[in-house]
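Chain letters run A, B, ... following the sequence lines, proteins first and then strands; every chain starts at 1.
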2 protein chains.
Amino acid sequence: MKGNHYNIPVEATLEVIGGKWKVLILCHLKNKKMRFSELQKSIPQITKKMLTQQLRELENDGIINRYVYQQVPPKVEYSLSDIGETLREVLDIMCAWGEKRINNQA
Amino acid sequence: MKGNHYNIPVEATLEVIGGKWKVLILCHLKNKKMRFSELQKSIPQITKKMLTQQLRELENDGIINRYVYQQVPPKVEYSLSDIGETLREVLDIMCAWGEKRINNQA
DNA sequence: AAACTAGGTTACTTAATAGTTACTAGGATA
DNA sequence: TATCCTAGTAACTATTAAGTAACCTAGTTT
């Protein structure tokens, strides 16, 4: 939380999960912890620059954890943090609505 | 629905409510139907151009209704459509998370 | 010794998003 | 008759987000 001055509370949500990629990333991470390269494969359109950038922001906002294995070549795993877990129902319901929409039920 | 080719269903959700303004607009409309100028007042940062643009897109996606009163000066009211109503739980839960976040419970 | 690896970073370019200003309609009000 | 009102639109500019390509690290395999 930074600006901490919102006209309406949902702005706090958008500050954290807004933008083109974050919900996508989190929807993958809510199922399992994933490596950088796994996320890249799962989200083919994203570039490594954007992926790095978005992961850093999510980490800074306390939503995900970043665990670096001390080995070469590098291995880094990302997972939902405890705070990130509180987003699970948000993500689940967004996913569910997308499914409904695709099946023409919305 | 246009591209209709998603890697993951939540992309269908993001296609409809993604971007900087739509969730904000919808969070206002979920409580009551509103006029253009009321929305503008409720979302002070938005310009009329962006508001118009976002409202048109939401209308084209079938999420909101636009009702024009035949009078001068113009009066136009926006409200959630039936399909828009199916987004209510998504919006509610996003709002709720924002409140939690602001109160340091997330 | 060269090449490969994963997970990046940097500098640069391009595309998308958003803002600004001026303008419109046409009846109601001063 | 001049001005106000709301809900816009149009042309243009600025800002921000995103993409591209090259480079880095340092142990492991060829």
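With rounding to whole Å, B:Leu55 atom CG is found 7 Å from D:dG8 atom P. The interatomic distance linking B:Trp21 (CH2) with D:dT16 (P) rounds to 13 Å, in whole Å. Between the NZ atom of A:Lys49 and the P atom of C:dT10 there is a distance of 12 Å, given to the nearest Å. Between the CE atom of B:Met34 and the P atom of D:dA7 there is a distance of 11 Å, given to the nearest Å. At whole-Å resolution of the value, CD in A:Gln71 and C1' in C:dG8 are 15 Å apart. Distance, B:Lys48 NZ to C:dT20 P: 13 Å, rounded to whole Å. Per the geometry, CD belonging to B:Gln54 stands 9 Å off C1' belonging to C:dT17, to the nearest Å. The CD1 atom of B:Ile43 sits 12 Å away from the P atom of C:dG19 (whole-angstrom rounding).
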Mind running salt bridge (Lys or Arg N to Asp or Glu O under 4.0 Å) on B:Glu57 and B:Lys22 for me, showing each step along the way?
-> CA-CA 9 Å; B:Glu57 289 180 14; B:Lys22 286 178 182 170; 2.6 Å; yes
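Checking C:dA18, C:dG7, D:dA7 against the side-chain heavy atoms of B:Phe36 singles out D:dA7 as nearest. Nearest nucleotide to the A:Met50 side chain, out of D:dT9, D:dG19, D:dT6: D:dG19.
Within 4.0 Å (heavy atoms only), B:Tyr69 reaches no atom of the nucleic acid at all. At the heavy-atom level, A:Lys75 lies under 4.0 Å from the strands shown only through sugar-phosphate atoms. B:Lys20 comes within contact range of the sugar-phosphate backbone alone, with a heavy-atom separation under 4.0 Å but no base atom that close.
Applying the 4.0 Å criterion to OP1 and OP2 of D:dG8, one finds that B:Arg56 has a side-chain N or O inside that range. Taking only side-chain nitrogens and oxygens, B:Tyr78 comes nearer than 4.0 Å to OP1 or OP2 of D:dG8. A:Arg35 has a side-chain polar atom (N or O) that falls below the 4.0 Å cut-off from OP1 or OP2 of C:dG7. At C:dA6, none of the side-chain N or O atoms of A:Ser37 fall inside 4.0 Å of OP1 or OP2 (strictly under the cut-off).
At a threshold of 4.5 Å between side-chain heavy atoms, the hydrophobic network of Ile, Leu, Val, Met, Phe, Trp and Tyr places B:Val68 and B:Phe36 in one connected group.
Comparing A:Thr52 and A:Pro74 by the nucleotide of DNA chain C whose heavy atom lies nearest to each, the residue mapping closer to the 5' end is A:Pro74.
Counting non-hydrogen atoms of other residues, nucleotides and ligands closer than 6.0 Å to CG of B:Asp82 gives a total of 12 or fewer.
When all heavy atoms of B:Cys95 and B:Cys27 are compared, the pair lying nearest together is SG-SG, 3.2 Å.
For the residue pair A:Tyr78/A:Glu59, the side-chain donor-acceptor check at 3.5 Å is not satisfied.
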